[in-house]
Amino acid sequence: MDFLGCIFLIVSLAAAATIARLYIIVSAARLAKSSGRREASDRCSFAVFLGSGGHTSEALSLLSALDFDRYVPRTYIISEGDTLSMRKAVDLESAKAAESHQAHSPSLRSDPPYVFVVIPRARRVHQSLFTTPLTAATSLAASVWHLTIAPLVSKRVAPDVLLLNGPGTCFVLCIATYVNRFLGLKSPRLVYVESFARVRQLSLSARLLRPLVKQFVVQWPQLVEDPKRDVYRGWLV
């Protein structure tokens, strides 16, 4: 066998091994059993992507129903330049802290209960498709840094759960979590909640993420395509 033949064989084997590994990861994510559920009293580190505008409002509405004493620390992932989503998240944290202070004694935790992570947008509004791959790659690199590398080199707690509800940057974050799984590192369970505004058909993000997430939630019954996989609990926001 000549040199080029050896190179081709090595590349083919590496590609086959990669495809097999990805198949196993995706299959395991689909078939994961509920036996790994936590007890109601267990703490859970939580992350959420605030996609700006209505996506942010819906995500924060979902978060407002959580017990902030249990879901801690919390990580708010926002797009670069989205200061409005950051302010809304801070307002929610302040409101929940006031409620907790009235109901319980002040917390003695020294570490902050929440942090913000800023990543570049995968695609800006009206951005040309020609330049989208570059911005998407930049967003993916930042996501891998925050979800894969930073927890290894710092004391940052990796999230146990990552809540997504659109837009396109959600797919980039999903890829970053699968990088962790491919490397055998801790990765968050992915929960996708489709936007309330999606009544007749799923968004592109939802169609892409549906086979990849642990929990896929819709807010309209006509969007349920697979009753065994899709979750419908009525209006959530």
Side-chain angles (χ1 to χ4, degrees), residues 43-100 112-125 139-140 142-143 146-147 157-177 187-199 201-210 212-220 223 230-237:
R43 280 186 170 171
C44 175
S45 55
F46 189 88
V48 58
F49 175 63
L50 304 181
S52 78
H55 292 295
T56 290
S57 298
E58 290 192 15
L60 293 179
S61 178
L62 293 170
L63 258 67
S64 66
L66 297 181
D67 180 0
F68 274 28
D69 289 331
R70 180 190 177 196
Y71 290 92
V72 64
R74 295 171 294 281
T75 301
Y76 294 95
I77 305 173
I78 62 174
S79 298
E80 202 170 39
D82 189 9
T83 57
L84 181 58
S85 290
M86 181 178 290
R87 288 201 299 268
K88 288 183 176 181
V90 170
D91 290 342
L92 174 63
E93 287 287 343
S94 299
K96 297 288 282 188
E99 293 177 5
S100 179
Y114 68 95
V115 295
F116 287 97
V117 167
V118 180
I119 61 175
R121 296 179 186 271
R123 183 172 185 265
R124 296 183 294 273
V125 178
S139 181
L140 176 59
S143 299
H146 289 295
L147 292 177
V157 177
D160 297 312
V161 178
L162 173 57
L163 175 65
L164 307 169
N165 78 327
T169 305
C170 282
F171 186 67
V172 171
L173 289 167
C174 178
I175 294 176
T177 65
S187 65
R189 292 191 175 189
L190 299 174
V191 178
Y192 184 88
V193 180
E194 180 62 303
S195 172
F196 175 80
R198 287 291 176 169
V199 179
Q201 62 181 5
L202 297 174
S203 63
L204 176 59
S205 296
R207 293 196 297 271
L208 291 172
L209 291 172
R210 186 171 175 270
L212 302 175
V213 299
K214 170 69 176 178
Q215 200 87 32
F216 185 83
V217 184
V218 295
Q219 302 188 60
W220 295 92
L223 295 181
D230 302 345
V231 177
Y232 169 68
R233 294 289 186 269
W235 297 353
L236 302 178
V237 296

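Using a 4.5 Å heavy-atom threshold, the side chains of F49 and S79 count as touching. Using a 4.5 Å heavy-atom threshold, the side chains of Y71 and V161 count as separate. Side chains of L173 and I119 form a contact here, defined as non-hydrogen atoms less than 4.5 Å apart. The shortest distance between side-chain heavy atoms of V218 and R198 does not fall below 4.5 Å. Within the 4.5 Å cutoff, the side chain of R121 has no heavy atoms near those of the S139 side chain. Between R233 and V217 the shortest side-chain heavy-atom distance does not fall below 4.5 Å. Taking the side chain as every heavy atom from C-beta outward, L60 and Y76 approach each other to under 4.5 Å. Using a 4.5 Å cut-off on side-chain heavy atoms (C-beta onward), Y114 and L92 make no contact.
Shortest non-hydrogen contact noted between E58 and A197 is OE2-N, 4.1 Å. Considering every non-hydrogen atom in both D69 and R43, the closest pair reads O-NE, 3.4 Å. Nearest heavy atoms, P73 versus P112: CB-O, 4.3 Å. The shortest non-hydrogen separation linking E194 to A206 is OE2-CB, 3.2 Å. The two residues A142 and P120 have their closest heavy-atom pair at CB-CD, 3.5 Å. Considering all non-hydrogen atoms of both residues, T56 and G51 come closest at OG1-N, 3.7 Å.
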Given ring pair (Phe, Tyr, Trp, His ring centres under 6.0 Å), test F196 with W220 step by step and report yes or no.
CA-CA 8 Å; F196 175 80; W220 295 92; 5.3 Å; yes

Could you check Y232 against L223 for side chain to side chain contact (heavy atoms under 4.5 Å, CB included), going step by step and ending with a plain yes or no? CA-CA 9 Å; Y232 169 68; L223 295 181; over 6 Å; no

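Tested against I77 for a side chain to side chain contact (heavy atoms under 4.5 Å, CB included), the candidates L162, L50, V48 yield a single pass: L162.
At least one donor-acceptor pair under 3.5 Å links the side chain of S45 to the backbone N or O of D160. Remark: the backbone N or O of V193 is not paired with any side-chain donor or acceptor of N165 at under 3.5 angstrom. Checked by atom type and distance alone, the side chain of S94 pairs as donor or acceptor with a backbone atom of V90 at under 3.5 Å. Distance alone, capped at 3.5 Å, is enough to place a donor-acceptor pair between the K96 side chain and the L66 backbone. R207 places a side-chain N or O within 3.5 Å of a backbone atom of L202 that can act as its donor or acceptor partner. Between the side chain of T75 and the main chain of V115, no donor-acceptor pair closer than 3.5 Å is present.
A distance of 4.5 Å separates SG of C174 from CG of L212, quoted to the nearest 0.5 Å. The distance from the CZ atom of F171 to the OH atom of Y192 is 12.0 Å, given to the nearest 0.5 Å. Taken to the nearest 0.5 Å, the OG atom of S143 stands 9.0 Å off from the CD1 atom of I175. Summarising the geometry, atom NZ belonging to K88 is positioned 14.0 Å from atom CG belonging to L63; distances are rounded to the nearest 0.5 Å. Note that the CG atom of L84 and the OG atom of S57 stand 8.0 Å from one another [nearest 0.5 Å].
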